[in-house]
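Everything on this sheet refers to the single structure shown next.
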Amino acid sequence: MLEALANPLLEGLHEQRIPEPCCIVIFGASGDLTRRKLIPALYSLAADHLLPSHLAILGCGRTDQTTEQFREDMKGGCEKFARAAFKQDVWDDFVQGLYYMPGNFDDDASFAALKTQVLEIEGKHGLPGNRLFYLAIPPSQFPIVGRGLASGGLTYKCEPNQPFSRLIIEKPFGRDLESARSLNRVLREGWEEEQIYRIDHYLGKETVQNIMAFRFGNAIFEPLWNNNYVDHVEITVAESIGTGGRGGYYETSGALRDMVQNHIFQLLTMTAMEPPISTTADAIRDEKVKVLQALRPLSPQEVPANTVRGQYVAGAVDGEDAPGYQEEGGVAPGSATETFVALKVLIDNWRWAGVPFYIRTGKRLPKRVSEISIVFRKVPHLLFKGAQIEPNVLAIRIQPDEGIVLKVGSKVPGAAMKINPVLMEFRYGTSFGAEPPEAYERLLLDSLLGDSTLFTRSDEVEASWRWINRVLEAWQQGAPPDPYPSGTWGPASADDLLHRDGRHWRHL
Ligand code: BG6
């Protein structure tokens, strides 16, 4: 077992600056994300003394409720979902800055009323005008609110000695290349690129950030991190849940848009990118964009042989009966939406030429597990006759049981030269004695601090859609998804994708 040196995990956060006083305005405040993730994340940051001394949070939503009702609801959310334990004194302090404003936020009058409200709150809390706007609303409303804020005089230009105005946008950022471009265009009418924070919550996960620390903070892995030593890379993001009551949304999305275009391509770029020249946001994002630009585009003829799409039918997960996708609420009968995707992706650059990246993600798979596995080449010469030597594998476990495992071959004790795989393991839980902070804590803190490293840049989003678009277009003309029973690892065609190359998915 590799043991971490004594630092508690939160030390990384404590080393940071404390953000300047600010007013956070959350659109979509009566929605699930605000109650389950955003307010609990802000509460946990408050409990860890990572928020500025002066801070106010204004929730905006369509639900007609008072500030008192909103506070009560958010208290329940913090008690249930916050990483930090609920403490009455922390809450009593935190709640002083929590407000609610009902409205549609779709016309000049509502943004004028919002401005009045924000100015009043800023006056009351002695805030200097710094504002962070969080859009946790349906994507169709992103342009309306983005524009309304800028034209309603709620923002400041991005200039020295001016208060900051920042805009956080939830996914999905577009549903294809054209809509992503158009959203970028609309937002840029009122906002500078450096004011726009496109969230991908996978980048807030400690294990995802650790890919960089692991690759570029150790001397022993990077020399092997290329096509001389790596046979292939597997990225699995498996979920055991179904649509989770979001059938209506999922019908407009599917697994390729919901998971691959954003989260999985982030994992891919972090794994495949070149060392950045520095740790500035742009230096890192420049390298990630290059990986996306180097993805070999699939022609319509190549799509069937390099992609698999599946849809779950009734089965059982964890011994419990599970319905088929088409029986879920909000799903159209005969729907051709994919709930599973497997892809073979090639990166046409010097480092990765000829190394396939196999990706799979799906709902209602046997368990929840996300892992990136670097599978190394076999030894060049088999010295031990008759021995079955398995290739070395470096597995980066994103969740659960966050950590890194290296599989090596070792002699089995005894007279014979028998070699078995053994594991060298690092686990966050045991090595640091603390659970990693929630992704949203890190992302909210970074956006308050003005650090956009863990947010996606416009060219990054467009480069990723450019690759995905070709697959979406070919699928529209192609066969419907292959069925797979809930509780299995997807359709048989996903196994064939690797078998054709003489490989198989790792058993997770
Ligand atoms: C979201 C997707 O972005 O990520 C969901 O819309 C998915 O469909 C979720 O379940 C997975 O996130 P996590 O953090 O649970 O792996």
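Whatever order the structure lists ligands and atoms in, that order sets their numbers, starting from 1.
- Applying the salt bridge (Lys or Arg N to Asp or Glu O under 4.0 Å) test to residues at least two apart or on different chains, none of the pairs has a partner in residues 476-489.
- Ligand 1 lies under 4.0 Å from heavy atoms of Lys171, His201, Tyr202, Lys205, Glu239, Arg246, Asp258, Met259, His263, Lys363, Arg368, Gln399.
- Aromatic rings of Phe265 and Trp467 (six-membered ring for Trp) have centroids within the 6.0 Å cut-off, being under it.
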Side-chain donor-acceptor pairs under 3.5 Å in residues 133-148, sequence neighbours left out?
| from | atom 1 | to | atom 2 | distance (Å) |
| --- | --- | --- | --- | --- |
| Tyr134 | OH | Glu170 | OE2 | 2.7 |
| Arg147 | NE | Glu189 | OE1 | 3.2 |

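- Using a 3.5 Å distance cut-off with no hydrogens or angles, the side chains of Trp191 and Ser165 do not pair a donor with an acceptor.
- With sequence neighbours left out, His232 forms a side-chain hydrogen bond (donor to acceptor under 3.5 Å, both in side chains) with Glu234, Arg503.
- For Lys290 and Glu287, the salt-bridge test passes: some basic side-chain N is under 4.0 Å from an acidic carboxylate O.
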